[in-house]
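Below you'll find the structure, written out as structure tokens, and then a few comments.
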Amino acid sequence: MEDVPVLLGELRPGREQSYDWKSSCETWSVAFSPDGRWFAWSQGHGIVKLLPWPIEEDHLRPQSFASKNQCVKITDIKGRQSPEEKTLDCGQIVWGLSFGSSSSPLGRKLWPCSRHQAAGSSGSWLVLATGLNDGHVKVWDVHTGGLLFNLAGHQDVVRDVSFSTNDSLILVTASRDKTLRVWDLKKDGKLLHVLSGHTNWVYCCAISPDCSMLCSAAGENSVLLWSMRSYTLIRKLEGHQNSVVSCDFSPDSALLVTASYDTTVIMWDPYTGERLREFLHVSLPPDVEYSTTEPQLSSLRSVCFSPEGLFLASLADDRFLRLWSLELQDPVSVAPVTNGLCCTFFPHGGVLATGNRDGHVQFWTSPKVLPSLRHLCRKALRCFLTTYQVLALPIPGKMKDFLTYRTYL
């Protein structure tokens, strides 16, 4: 097992909030903007913090990690926030966060964003969607902190939100009302489709980076794959033995991972529905020195791909963060995370953020590797070739296995 991830820093709410039935202290979601300039933190009590990245102290920069014994605690103190920092008062428990960007906003509500773009930015408009406890979705202008949309239609908690990455500002929302809704922000938040098919609460949704597929997971043993072109059901993936609570696509859209209360992460080929790998969250190897009260109970909470597509991160109820290599059966590194709920990688690598039930966020070192030329070529090809198209190529079988990730079987 490789070195334990180093804790770089921690964010905590600045003061205790009074109890309110509309709010709670959990950090259900954290997110980095696609360009890596912003970090969004659902810190509980209906508040979302928008923080410019890197966060103040130089040691939090992904290029200069802290020493193994260094842990710097960053406390959000009223009156000391940076000029660019934003506080978004959503008024409800915030369950899901997602950044969306576009170089050409068309909706009238998005035109004001153009006057507030950060200096030196890439020229894109950046928004943040928040899924709320009352069934609404609020969309905010990242650069001003202003509210752009208050999307209504769901009949229960909006558990997750996901933007397409193709400049279109298409937003998918997943709800406990057992449906997913597709919105077009360039048409002033027009509702395009309502997707029905789940028989239980929908916990999460993820759009593939090539924007061809949508994965949704509910309190069921299976996940549904939808076409983002026709908004019809492609297939149902069955294999878990308990509710699926988290899902994510690889950066080249060639792989899908799902995490379940059944203690497993399954890696799928979304094009064929084939189950490629299974990562078990059971008792840790003997060389791990941490102890847990119930090492056999490791229900999953969150899973995500690293930006280069060679690693996975998972959070489980056994109070451990695990980092996995796609090529290995056991985790390559493990770190203790108390009451972890969500995790996400910095888009340029080297840092992993986790959120927990106390409203805290922790930043960890993560593998920052130089991918092989073979993997870079595979990633480039798989961004526009499906599994079936690869299998039809006139190339040797071993090369097909590599390009379709079958070498891990």
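In this chain, numbering begins with 1 at the start of the sequence shown.
- For the pair Thr365 (side chain) and Pro5 (backbone), a donor-acceptor distance under 3.5 Å is absent.
- With salt bridges taken as basic N to acidic carboxylate O contacts below 4.0 Å, none links Asp134 and Lys138.
- Here CG of Asp358 is found 6.0 Å from CG of Asn339. Values are rounded to the nearest 0.5 Å.
- Note that CD of Gln43 and CD of Glu26 are 13.0 Å apart. Values are rounded to the nearest 0.5 Å.
- We find that Asp35 and Arg37 are joined by a salt bridge, their nearest charged nitrogen and carboxylate oxygen being less than 4.0 Å apart.
- Annotation: Lys400, atom NZ; neighbour count of heavy atoms from other residues, nucleotides and ligands within 6.0 Å is above 12.
- Judged by distance alone, the side chains of Ser222 and His240 never bring a donor and an acceptor atom under 3.5 Å apart.
- Without hydrogens or angle criteria, Ser98 side chain to Phe163 main chain gives a donor-acceptor distance under 3.5 Å.
- Remark: side-chain polar atoms of Asp262 are paired, donor with acceptor, to backbone N or O of Gln241 under 3.5 angstrom.
- When atom types are taken as modelled, the side chain of Asp269 and the backbone of Gly273 share no donor-acceptor pair closer than 3.5 angstrom.
- Nearest heavy atom pair, residue Leu126 against residue Ser33, reads CD2-CB, 4.0 Å.
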Please tabulate, one pair per line, all N/O donor-acceptor pairs under 3.5 Å involving side-chain atoms of residues 190-198, not counting sequence neighbours.
unit_1 : atom_1 : unit_2 : atom_2 : d
His198 : ND1    : Glu220 : OE1    : 3.1
His198 : NE2    : Ser216 : OG     : 2.7

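- Classification of Glu274 and Arg406 as a salt-bridged pair holds, one side-chain N sitting under 4.0 Å from a carboxylate O.
- When the shell of 6.0 Å around CD of Glu278 is examined, it contains more than 12 heavy atoms from other residues, nucleotides or ligands.
- Residue Arg181 holds its CZ atom at 5.5 Å from NE2 of His154, rounded to the nearest 0.5 Å.
- Note: Phe32 and Phe346 have perpendicular aromatic rings, judged against thresholds of 30 and 60 degrees for the angle between ring planes.
- For the 3.5 Å distance criterion, the side chains of Thr199 and Lys178 fail to qualify, holding no donor opposite an acceptor.
- Between the side chain of Asp401 and the main chain of Thr407, no donor-acceptor pair closer than 3.5 Å is present.
- A salt bridge is absent between Glu84 and Lys86: the closest approach of a Lys/Arg side-chain nitrogen to an acidic carboxylate oxygen does not fall below 4.0 angstrom.
- Annotation: side-chain hydrogen bond (donor to acceptor under 3.5 Å, both in side chains) contacts of Trp95 (sequence neighbours excluded): Asn133.
- Ring pair Phe363/Trp53 is tilted by interplanar angle, where 30° to 60° counts as tilted.
- In this structure, the side-chain contact (heavy atoms from CB on, under 4.5 Å) partners of Val245, at least two apart in sequence or on a different chain, are Tyr203, Tyr261.
- Contact check on Arg301 versus Asp317 returns a salt bridge, with a Lys/Arg side-chain nitrogen under 4.0 Å from an Asp/Glu carboxylate oxygen.
- Between Ser164 and Ser168, the side chains place a donor N or O and an acceptor N or O closer than 3.5 Å (distance only, hydrogens not considered).
- Remark: side-chain polar atoms of Asp177 are paired, donor with acceptor, to backbone N or O of Thr179 under 3.5 angstrom.
- A side chain to side chain contact (heavy atoms under 4.5 Å, CB included) with Phe279 is found for one member of Thr264, Leu312, Asp330, Leu328 and no other, namely Leu312.
- Neither side chain, Thr232 nor Trp226, offers a donor N or O lying under 3.5 Å from an acceptor on the other.
- Panel note: side chain Thr27, backbone Ser42; a donor-acceptor pair is recorded below 3.5 Å.
- For Arg382, the side-chain hydrogen bond (donor to acceptor under 3.5 Å, both in side chains) partners two or more places apart in sequence, or in a different chain, are Thr387.
- With sequence neighbours excluded, the residues forming a side-chain contact (heavy atoms from CB on, under 4.5 Å) with Phe345 are Cys304, Ser306, Pro307, Ala313, Leu323, Leu352, Ser366, listed by chain and number.
- Residues passing the salt bridge (charged side-chain N to carboxylate O under 4.0 Å, His left out) test with Asp210, sequence neighbours excluded: none.
- With no hydrogens or angles considered, no side-chain donor-acceptor pair links Ser103 and Trp125 at under 3.5 Å.
- The CH2 atom of Trp140 lies 5.0 Å from the CG atom of Leu88; values are rounded to the nearest 0.5 Å.
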